[in-house]
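Because only heavy atoms are used, hydrogens play no part in the values below, and waters and symmetry mates are left out as well, while side chains stay in.
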Amino acid sequence: MTEVWTVPEPKEVHEVRAADGYPIAVRRYGNPDGLRLVISHGNGFAIDAYWPFWSRFVQDFDVFVHDIRSHGRNPVGDVDVHSIPMIAEDFACVARNIDRRFGPKSKVGVFHSLSALTALHAPFIHDYSALVLFDPPILLPGKAAGDLERVGTRMARATRMKQERFETPAAYAAFLSTRKGFAGLDAGGLDLLARNTLRRGGNGAGYRLSCPREHEARMWDSLYPFARMVDYDRINCPIKVIGSDPTMPNSFLPSTAVPDLLRLDYDFVPESTHLLQLENPEACAAFTLDYLAGRGLGGL
């Protein structure tokens, strides 16, 4: 039987205005007395699709989740300003707003893919007690850098050609089930992903991708240059990297270079691809909890 995942209503929702006035919905779950976690997602996805992962923190942690601009529950913004620097500033606005609204407290950022790369460029990084980054698309200079450039170019091209409208979320889930990159998700995960990465098409015209193709493609265009521009020397925040299995064919972002960054604490989830939090949320949460506990950053 397919498990049907339902994301519950949050304790509260507040709107954060980005530097350009763009509204970002930040939702709070969990235990206000626990360690603060701020969680976001990868390119083209939505944070609610990660519920099987972050639901494992809501009993003991003070959990804040938000979508990247033009994703998920956020409105579609101006594509001309859709960039990693703008999203990095959005993340800084979110972090500062949380502290202003609820008071300063130790917090940990938990980010995947695009949000992980963005966090490494964000001006808030020193405000965090630690970062937990899932499969960040980064490489050291000289470590097959051209491979990452080719991945970005290929993914941008494919994104600009992909189907943008579907009659129902079920039709989108069925479509995703035929794609190799989503082979590690079960039927419940595909259903959850489809329901949360589509929005009504308007005028009764079915559904369309919440993050338009061109917005998503621009992030792939930016992948290589911004991966190369990460300044590791300025990062004094402890970082845990949890990668996909480097032996898996669909681990298309090269986490295998990350262990060479000796300042990072690296693990990988066996038999997982780049979508590891969606494929194996239990293992990903366990790695996260072990790391936090090891740094004295438990939930309560």
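In terms of heavy-atom proximity, Ala25 sits nearest to Val13 at CB-CG1, 4.4 Å. Closest approach of Asn74 and Ile24 over heavy atoms only: OD1-CA, 3.7 Å. Taking both residues in full, the closest heavy atoms of Tyr50 and His41 are given as CE1-CB, 3.4 Å, listed atom of the first, atom of the second, then distance. Taking both residues in full, the closest heavy atoms of Gly44 and Thr197 are given as O-CG2, 3.9 Å, listed atom of the first, atom of the second, then distance. Ile47 approaches Trp54 most closely through the heavy-atom pair O-NE1, 2.9 Å.
Asp48 and Arg73 are joined by a salt bridge, as a carboxylate oxygen and a charged side-chain nitrogen come within less than 4.0 angstrom of each other. Comment: Lys240 does not engage Asp290 in a salt bridge, judged by the lack of any side-chain N to carboxylate O separation of less than 4.0 angstrom. Salt bridge annotation for Lys107-Asp127: absent, with no cationic side-chain nitrogen under 4.0 angstrom from a carboxylate oxygen. The pair Arg28-Glu12 meets the salt-bridge criterion, since a charged nitrogen lies less than 4.0 angstrom from a carboxylate oxygen. Using a 4.0 Å cut-off between a side-chain N of Lys or Arg and a carboxylate O of Asp or Glu, Arg295 and Asp265 do not qualify as a salt bridge. Checked for salt-bridge contact, Asp80 and Arg218 meet the test: a charged N lies under 4.0 Å from a carboxylate O.
Although no hydrogens or angles enter the test, the distance criterion places a donor-acceptor pair under 3.5 Å between the side chain of Asn43 and the main chain of Glu216. With His71 contributing its side chain and Ala46 its backbone, the two residues share no donor-acceptor pair below 3.5 Å.
Side-chain contact of Arg199 with Tyr207: a donor-acceptor pair under 3.5 Å is absent, judged by distance alone.
Taken to the nearest 0.5 Å, the CG atom of Leu120 stands 7.0 Å off from the CG atom of Leu131.
Under the 4.5 Å side-chain criterion, counting only non-hydrogen atoms from C-beta, Phe61 is not in contact with Val108.
None of Leu133, Asp135, Val269 except one satisfies the side-chain contact (heavy atoms from CB on, under 4.5 Å) rule with Ile242; the exception is Val269. With respect to Asn97, the side-chain hydrogen bond (donor to acceptor under 3.5 Å, both in side chains) criterion is satisfied by exactly one of His14, Glu15, Arg17: His14.
Scanning for ring pair (Phe, Tyr, Trp, His ring centres under 6.0 Å) contacts around Phe91 gives His66, Phe111, with sequence neighbours left out.
Using bins of under 30°, 30° to 60° and over 60° for the plane-to-plane angle, the ring pair Tyr172/Phe166 lands in the tilted bin.
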